[in-house]
There are 2 protein chains.
Amino acid sequence: MGTVSNALSLLGFFNLQRPEIGLSDLARLSGMNKATVYRHMSELALRGFVEKSHGGTSYRLGPEVLRLASLREAAVPLLSVAREMLARLSAATHETSHMSVVQGMRLNAIAHHYSTRHGTRVTMEDAEVLSFHGTASGLAILAFSEAAFVDAVLARPLPVHTPHTETDPDRIRARLRGIRASGVAQSVGGFEADVHSLAVPIFGPDRCPTGALAVAVPVARMSDALARRAQAELTACAADLTRRIGGFAPETLPLQDTSARSEMTG
Amino acid sequence: MGTVSNALSLLGFFNLQRPEIGLSDLARLSGMNKATVYRHMSELALRGFVEKSHGGTSYRLGPEVLRLASLREAAVPLLSVAREMLARLSAATHETSHMSVVQGMRLNAIAHHYSTRHGTRVTMEDAEVLSFHGTASGLAILAFSEAAFVDAVLARPLPVHTPHTETDPDRIRARLRGIRASGVAQSVGGFEADVHSLAVPIFGPDRCPTGALAVAVPVARMSDALARRAQAELTACAADLTRRIGGFAPETLPLQDTSARSEMTG
DNA sequence: ACCGATGGTTCAAATAATGAACCACGCTAA
DNA sequence: TTAGCGTGGTTCATTATTTGAACCATCGGT
């Protein structure tokens, strides 16, 4: 661990609950010497990573991080990161995976990935409009959305896609409670017949769902083992994707095992 | 200059034209030793500020900057407030508006807004680095900055962006006096040919300019009427924005009519 | 006036950064 | 093939920077 890493670790103590921190607090939180913290923060301030707030009584994040975030977004747009995750998902499950994003009151598929393992597979179209009530992705998003949004979605006519499409708002709300508890949404033939989907939400900086990752399997091929594997990989990928687009999961999201965390090479 | 500052300065070499940089390039650009750069980047990678791209051949900005930007935005909602102002400006003028902030000796564009009224419009890139002497935004800021800052900026080489770029320090200072009197800066083709810009400064809590709001119009479309409307809206928006980020305009700023102020009680 | 906070500063001691040279690899041209 | 030049990555003695206890000035409440 070098000096630079130590200094940067100070930025890790800023969060939504603690957007501004004083010198002494920061020293206590980090366990570092006050003088060390002071010098580190001075250097960070010099580069615009932090700045002093009201009259110099405490530090907060600086404008430079905004510039860097813009560049990151330009260098690594959501789509390319998503495609990476989809490749991972399909490799782990040997099934079709896809990503969708909320755009207003609509849910749009933006990317998908096939596995070459099986002759039969669920096929997707990018830019396809999904329904919130009929798809695992939509349910995953609704489960963690604001009540007002859920109300608005369920108040509109709920199309029947297949004989298995659930259209009763009350029963849908009941399912949402189950999804909130497990963190994973399921849909068996609710949008397309013979398709069993698992989906997890992706969160934006405001802790609200911005989209969902899903794995779609022909119902005949779904098994407990596959469901478990898909679920594990989905939660790991979703956590990774949420992080990489700068989002935050809400505290209410059930935590899965974190053993599959990607290793940072040094 | 300490080690931390040196390491962080490496992040300054990333921009829109150069979103990914290899180890050797970075060493050349920074003038540092290759080993030093390697260690710095390794530490930055450890903290998620950068990551290796395709197979580890080069570095790019990492996901941590997105998290920090979110937190900065939560602590100082400059960006979201600014976007509101830009929408207002573009709606009033039917032209492109943008916002930039001073970061050290640089001026960075952080947000912009297009109008859909006209087929032709001035286009912008966020995170673009603007020049102080060539842009209306830069001149607006210089006009109300401390003399030492102006001296420092004008002492450095002043790039020629177009045939209309003013690079004579004395003539620039003369223009600054005019801007101080009117409160609005103008640039006709000084940064990009065929772009006529109007800009006003935004002030921080220390009564110093922290950035600028600007309207950019294709020269062919600029008229007296449009200039008057843009100027009125700019001064109103700037006053509002300065207030909402907790800043104060200096007494030397010419007062415009305040009848157009929008009330935003919370 | 006191006390206990705060942010900021100093200086000898010790730790961490530095850079030339090095290695292994992957190109391209001869 | 081989030589040359580029890349990313690594080593180790030298060096200079970071470190932290103690210090100061100031503020606000009792």
Side-chain angles (χ1 to χ4, degrees), chain A residues 1-15 17-62 75-76 84 262-266, chain B residues 1-15 17-63 72 75-76 104 204-206 208 246:
Chain A
M1 253 174 296
T3 309
V4 176
S5 191
N6 271 335
L8 292 178
S9 75
L10 289 173
L11 296 177
F13 293 102
F14 291 92
N15 57 40
Q17 283 73 43
R18 213 193 294 114
E20 303 194 354
I21 315 182
L23 178 60
S24 299
D25 280 342
L26 208 40
R28 266 190 296 275
L29 284 167
S30 63
M32 297 182 198
N33 186 285
K34 193 158 55 92
T36 303
V37 172
Y38 176 74
R39 281 184 298 255
H40 282 340
M41 294 310 279
S42 296
E43 293 211 60
L44 290 172
L46 199 70
R47 295 291 169 184
F49 282 77
V50 299
E51 64 184 11
K52 288 176 195 156
S53 62
H54 8 93
T57 66
S58 61
Y59 295 94
R60 67 178 173 212
L61 293 167
V76 187
E84 211 175 285
S262 68
E263 193 61 33
M264 187 74 68
T265 59
Chain B
M1 254 176 292
T3 308
V4 176
S5 190
N6 269 336
L8 292 178
S9 75
L10 290 173
L11 296 177
F13 293 102
F14 291 91
N15 58 39
Q17 284 72 43
R18 213 191 294 112
E20 303 194 355
I21 315 182
L23 179 60
S24 299
D25 281 342
L26 208 40
R28 267 189 295 275
L29 283 167
S30 64
M32 299 181 197
N33 186 286
K34 192 158 57 93
T36 302
V37 173
Y38 175 74
R39 281 184 299 255
H40 283 339
M41 295 309 279
S42 296
E43 294 211 61
L44 291 171
L46 199 70
R47 295 291 167 184
F49 282 77
V50 300
E51 63 184 11
K52 289 174 197 156
S53 62
H54 11 91
T57 65
S58 61
Y59 295 94
R60 68 178 171 213
L61 292 167
R72 159 78 183 187
V76 186
D206 53 359
C208 288

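Proteins get letters first, then strands, A, B, ... in listed order; numbering begins at 1 in each.
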### Query
After noting the C-alpha distance and the side-chain angles of A:Leu29 and A:Arg18, does the key distance pass the side-chain contact (heavy atoms from CB on, under 4.5 Å) rule?
CA-CA 12 Å; A:Leu29 284 167; A:Arg18 213 193 294 114; 3.9 Å; yes
### Task
Begin with the C-alpha distance, continue with both residues' side-chain angles, and end with the deciding distance and a verdict on side-chain contact (heavy atoms from CB on, under 4.5 Å) for A:Tyr59 and A:Glu51.
CA-CA 6 Å; A:Tyr59 295 94; A:Glu51 64 184 11; over 6 Å; no
Polar atoms only, N or O, under 3.5 Å: list the protein pairs with nucleotides 13-16 of chain C and their distances.
unit_1, atom_1, unit_2, atom_2, d
C:dA16, O3', A:Thr3, OG1, 3.0

Enumerate the protein-to-nucleotides 4-9 of chain D contacts in which both atoms are nitrogen or oxygen and the separation is below 3.5 Å.
unit_1, atom_1, unit_2, atom_2, d
D:dT7, OP1, B:Arg28, NH2, 2.7
D:dG8, OP1, B:Leu23, N, 2.7
D:dG8, OP1, B:Thr57, O, 3.4
D:dG8, OP2, B:Ser24, N, 2.7
D:dG8, OP2, B:Ser24, OG, 2.4
D:dG9, OP2, B:Tyr59, OH, 3.4
D:dG9, N7, B:Lys34, NZ, 3.4
D:dG9, O6, B:Lys34, NZ, 2.3

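Rounded to an integer number of Å, the gap from CD of A:Glu51 to P of C:dG7 is 17 Å. We find that CG of A:Asn6 is positioned 14 Å from C1' of D:dT17, with the value rounded to whole Å. Distance CG (A:Leu10) to P (D:dT19): 10 Å, rounded to an integer number of Å.
Listed here is the closest heavy atom pair of B:Arg72 and A:Leu61: NH1-O, 2.7 Å.
Between the side chain of B:Glu43 and the main chain of A:Ser5, a donor-acceptor pair closer than 3.5 Å is present. Side chain of A:Glu20 to backbone of A:Arg60: no donor-acceptor contact under 3.5 angstrom is found.
Taking CG of A:Leu11 as the start and CE of A:Met41 as the end, the distance is 6.5 Å to the nearest 0.5 Å. Distance OG1/A:Thr3 to CG/B:Asn6: 11.5 Å, rounded to 0.5 Å. From B:Leu8, atom CG reaches atom NE2 of B:His40 across 9.0 Å, with rounding to the nearest 0.5 Å.
A donor N or O paired with an acceptor N or O is found under 3.5 Å between the base of C:dG19 and the side-chain atoms of B:Arg39.
Listed nucleotides: C:dT9, D:dT18, C:dA20. Nearest to the side chain of A:Ala35: C:dT9.
Summary of the strand contacts: B:Asn33 and A:Met32 both lie near DNA chain D, and taking for each the nucleotide with the nearest heavy atom, the more 5' one is attributed to B:Asn33.
The shortest distance between the side-chain N/O atoms of A:His40 and the OP1/OP2 oxygens of D:dT18 is not below 4.0 Å.
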